[in-house]
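Just below is one structure, and these are the notes that go with it.
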Amino acid sequence: MDKKLVIDKLSECQDLAATIGVLSHILDEMNRKGLIEDGTVGEYHVFGLNRAVKLLADYQSKTIDFIEDLINREERFH
């Protein structure tokens, strides 16, 4: 198994988790301060941020699946 690849992918997942957390926090703060309800931030912007969070989460999930596949493949051959 390419341990460096697994470590790189795990690191990538951690980065993605941090990014998702920051985006989610931004959305929460925007909502808490009434920026979304008062129209300061447009529906288009909120949709874009929500879509970004979803895409990052989907990519993170696929990366985790890829890591699991690498590990399972290694276990089958040993």
Side-chain angles (χ1 to χ4, degrees):
M1 171 172 48
D2 187 353
K3 290 181 182 179
K4 182 176 177 357
L5 178 60
V6 171
I7 291 169
D8 287 346
K9 289 297 180 181
L10 285 172
S11 178
E12 187 177 312
C13 282
Q14 290 174 327
D15 293 345
L16 287 167
T19 304
I20 291 167
V22 168
L23 284 171
S24 294
H25 179 73
I26 289 170
L27 285 168
D28 287 345
E29 282 296 305
M30 289 167 55
N31 192 39
R32 186 179 65 78
K33 292 183 178 184
L35 296 175
I36 295 170
E37 291 174 7
D38 294 339
T40 306
V41 177
E43 200 174 303
Y44 177 78
H45 297 100
V46 174
F47 175 78
L49 285 171
N50 279 327
R51 182 75 179 135
V53 169
K54 182 177 179 351
L55 288 172
L56 288 170
D58 288 348
Y59 182 74
Q60 182 185 36
S61 179
K62 289 177 183 175
T63 302
I64 291 169
D65 290 344
F66 176 74
I67 293 168
E68 288 176 350
D69 287 345
L70 283 175
I71 292 170
N72 288 336
R73 211 175 315 146
E74 178 68 20
E75 288 175 352
R76 274 186 259 143
F77 292 112
H78 283 89

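All values reported here derive from a predicted model rather than from experimental measurement.
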Anything under 3.5 Å between a donor and an acceptor, one on a side chain of residues 48-62, the other on a protein residue two or more places apart or in another chain? List them.
unit_1: Asn50; atom_1: ND2; unit_2: Val46; atom_2: O; d: 3.4
unit_1: Lys54; atom_1: NZ; unit_2: Asp58; atom_2: OD2; d: 2.9
unit_1: Tyr59; atom_1: OH; unit_2: Glu12; atom_2: OE2; d: 2.6
unit_1: Gln60; atom_1: NE2; unit_2: Cys13; atom_2: O; d: 3.1

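- With sequence neighbours excluded, the residues forming a side chain to side chain donor-acceptor pair (under 3.5 Å) with Glu29 are Arg32, listed by chain and number.
- Hydrophobic cluster membership differs between Phe66 and Ile64, with clusters built from Ile, Leu, Val, Met, Phe, Trp and Tyr side chains linked at under 4.5 angstrom.
- To the nearest 0.5 Å, atoms CG (Leu5) and CG (Leu10) are separated by 9.5 Å.
- Under the 4.5 Å side-chain contact rule for hydrophobic residues, Ile7 and Leu70 do not share a cluster.
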CA sep, side-chain torsions, deciding dist, call: Asp69, Arg73, side chain to side chain contact (heavy atoms under 4.5 Å, CB included): CA-CA 6 Å; Asp69 287 345; Arg73 211 175 315 146; 4.2 Å; yes

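- Contacts classified as salt bridge (Lys or Arg N to Asp or Glu O under 4.0 Å) and involving residues 15-27 (residues at least two apart or in different chains) are not found.
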